[in-house]
Number of protein chains: 2
Amino acid sequence: MHAPLLKHINQFLLKPMDPAEEKAVTDRFALKAYRKRQYLLQAGDSSSKNSFVVSGCFRVYVVDTNGKEHNLQFAVENGWALDMGSLYKEEPSEMNIEALEDSAVLQIERKAFYELYDNFPVFDRYFRILAENAYIAAQKRLIRSHSFTAEERYADFIARYPHLVNRISDAKIASFLGMTPEFLSKLRRNFGK
Amino acid sequence: MHAPLLKHINQFLLKPMDPAEEKAVTDRFALKAYRKRQYLLQAGDSSSKNSFVVSGCFRVYVVDTNGKEHNLQFAVENGWALDMGSLYKEEPSEMNIEALEDSAVLQIERKAFYELYDNFPVFDRYFRILAENAYIAAQKRLIRSHSFTAEERYADFIARYPHLVNRISDAKIASFLGMTPEFLSKLRRNFGK
DNA sequence: AAAAACCCTTGAACCAGATTAAGGGTTCTG
DNA sequence: CAGAACCCTTAATCTGGTTCAAGGGTTTTT
């Protein structure tokens with residue numbers, strides 16, 4: 001049941017986890033199901049969970065002061081769905097996390113999560129590498145948002161995430177890319193499919 | 001000489017470093033000076049250094065396919081100046097890092113940097129927390145760039161980095177915020193100073 | 001002390017992308 | 001199987017921000 005998570009962690013480590021470390025994981029992560037449209041986290045609540053997606057798909061989004069939604073991230077199989085700021089800082093979340101499909105996650109509570117860090121240095125290593133990769137990706141996304149046109153960002157999205165293009169609605173992709181759905185529709189008309 | 005770095009690391013740890021860990025740092029980080037306008041890293045070179053800024057100021061920027069510069073980050077006292085992607089992935093850097101003032105940094109080579117990780121778990125912890133904070137900040141910046149107007153982004157910058165406003169030229173701040181210097185000038189005319 | 005290099009400003013013309021509004025198709029759900 | 005809830009498209013209008021071009025001030029270098 002925990003195989004995908006163990007595998008994912010080991011892929012980022014030079015030396016795979018030993019049995020005690022793997023047990024620490026399997027003891028603390030529990031499988032939980034979410035139905036399509038169900039919320040894993042709602043803005044205002046304090047996020048005390050970290051969730052590894054086993055199957056399905058979530059979107060992470062914020063609502064701005066004009067009531068507009070902005071999709072920050074899509075989390076699919078073998079990705080993490082969380083509001084990192086809220087999980088670590090123990091503040092009410094500004095983000096919403098909604099299941100876009102029926103989904104299954106392996107979930108851990110903040111307290112148990114801190115136990116992992118305090119007893120097994122290997123998790124500092126794994127989550128360091130993950131956070132570094134996430135930061136590098138976020139930097140690149142910011143560069144694209146400052147230097148690419150809407151059309152270039154859409155073409156880049158298709159090239160980068162071909163498996164998401166037919167899985168997530170265009171309106172949600174438009175929001176992720178920082179443009180209106182109407183404008184994305186116009187782009188699609190001009191640039192074949 | 002290494003005091004600011006040791007202090008910075010300890011501030012992010014629950015338990016301060018022990019003498020062996022502190023020695024591991026002081027043995028591996030060397031002080032290096034940069035003159036104003038000197039480059040710490042140029043795009044195309046492979047970045048093999050990580051630099052902790054002791055005094056002075058750097059900008060991290062990329063040049064897009066139209067030849068336009070985009071400032072990604074300013075690194076001042078007690079901050080890090082590096083291209084994380086290039087340092088870890090050992091690929092030629094896409095980023096430039098230029099001293100905006102005469103500056104001093106504590107610098108470590110990639111090889112010695114990996115020795116820290118391999119011998120002292122505390123550095124996985126410290127850089128995990130750093131990377132997580134950087135990622136959280138990058139996410140928030142992306143949200144602002146999608147939901148704020150240019151004027152709101154400038155007001156937010158002043159509130160967030162008052163110490164940088166009179167230290168860095170407006171043209172460089174405009175690039176950091178994703179707008180032209182002409183437009184920032186227009187904003188400043190309307191919104192007092 | 002002149003030359004060179006920045007740096008900020010102003011204004012006119014322009015444009016990428018937003019807004020508003022409307023219509024039609026498809027897929028959920030009770 | 002009917003209504004509700006999405007989802008995508010099209011077109012007209014509008015606007016925040018860019019581009020281009022020019023001028024003047026201040027700092028740095030020689």
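In what follows, chains carry the letters A, B, and so on, assigned in the order in which the sequence lines appear, proteins first and then strands, with residues in each chain numbered from 1. The shown structure was predicted, so the numbers you read here are calculated from the model rather than taken from an experiment.
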- Query: First and last nucleotide of DNA chain D touching chain B, 5' to 3', heavy-atom cut-off 4.0 Å?
  - Reply: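 Both ends considered, the range comes out as D:dG17 to D:dT29.
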- Query: Between the main-chain N or O of B:D18 and the side-chain N or O of B:E21, is there a donor-acceptor pair closer than 3.5 Å?
  - Reply: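 Yes, the answer is positive, given that a donor and an acceptor are paired below the 3.5 Å cut-off.
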- Using modelled atom types only, decide if a donor and an acceptor are shared between the side chain of A:H70 and the backbone of B:S147 within a distance under 3.5 Å.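 Judged by distance alone, no pair lies under 3.5 Å.
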Do any N or O atoms of the protein come closer than 3.5 Å to N or O atoms of nucleotides 27-29 of chain C, and which pairs are they?
from	atom 1	to	atom 2	distance (Å)
C:dT29	OP1	A:R37	NH1	2.9

- Task: Provide the full list of salt bridge (Lys or Arg N to Asp or Glu O under 4.0 Å) pairs with a residue in residues 83-92 of chain B, sequence neighbours left out, each pair given once.
- Result: B:E90-B:R110
side-chain hydrogen bond (donor to acceptor under 3.5 Å, both in side chains) partners of [X], counting only residues at least two apart:
X: B:E77; result: B:R167
X: B:K172; result: none
X: A:N78; result: none

Please go through [X]'s hydrophobic cluster and name the other residues, only I, L, V, M, F, W, Y counting, with side-chain heavy atoms under 4.5 Å joining them.
X: A:F148; value: none
X: B:L14; value: none
X: A:Y61; value: A:Y39, A:V63

- Query: Is it the case that more than 12 heavy atoms not belonging to B:E22 sit under 6.0 Å from its CD atom?
  - Reply: yes
- Item | Heavy-atom pair with the smallest gap, counting every atom of B:K49 and B:L82 | O-CB, 4.3 Å
- Query: Does anything in residues 167-186 of chain A reach DNA chain D, meaning a heavy atom under 4.0 Å, and if so which residues?
  - Reply: A:S169, A:D170, A:A171, A:K172, A:E182, A:S185
d([atom1], [X]; [atom2], [N]) in whole Å:
X: B:H146; N: C:dA18; atom1: NE2; atom2: P; value: 10 Å
X: A:E152; N: C:dA16; atom1: CD; atom2: C1'; value: 12 Å
X: A:K68; N: C:dG17; atom1: NZ; atom2: P; value: 16 Å

Only distances under 3.5 Å count here; give the side-chain donor-acceptor pairs of residues 122-132 of chain A to other protein atoms, sequence neighbours excluded, each with its distance to 0.1 Å.
from	atom 1	to	atom 2	distance (Å)
A:D124	OD1	B:R125	NE	2.9
A:D124	OD1	B:R128	NE	2.7
A:D124	OD1	B:R128	NH2	3.2
A:D124	OD2	B:R125	NE	3.0
A:D124	OD2	B:R125	NH2	3.1
A:R125	NE	B:D124	OD1	2.8
A:R125	NE	B:D124	OD2	3.0
A:R125	NH2	B:Y117	O	3.0
A:R125	NH2	B:D124	OD2	3.1
A:Y126	OH	A:H8	ND1	2.7
A:Y126	OH	A:W80	NE1	3.0
A:R128	NE	B:D124	OD1	2.7
A:R128	NH1	A:E132	OE1	3.0
A:R128	NH1	A:E132	OE2	3.1
A:R128	NH2	B:D124	OD1	3.2
A:E132	OE2	B:Y88	OH	2.7

- Task: Work out how much the helix from C:dA1-D:dT30 to C:dG30-D:dC1 bends between its end axes, five pairs an end, to the nearest 10 degrees.
- Result: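 That helix gives 60° between its end axes.
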- Task: Treating Ile, Leu, Val, Met, Phe, Trp and Tyr as nodes and any side-chain heavy-atom pair under 4.5 angstrom as an edge, say whether B:L177 and B:V60 lie in one connected cluster.
- Result: no
- Query: Are B:R189 and C:dT10 close enough that a side-chain N or O sits under 4.0 Å from OP1 or OP2?
  - Reply: yes
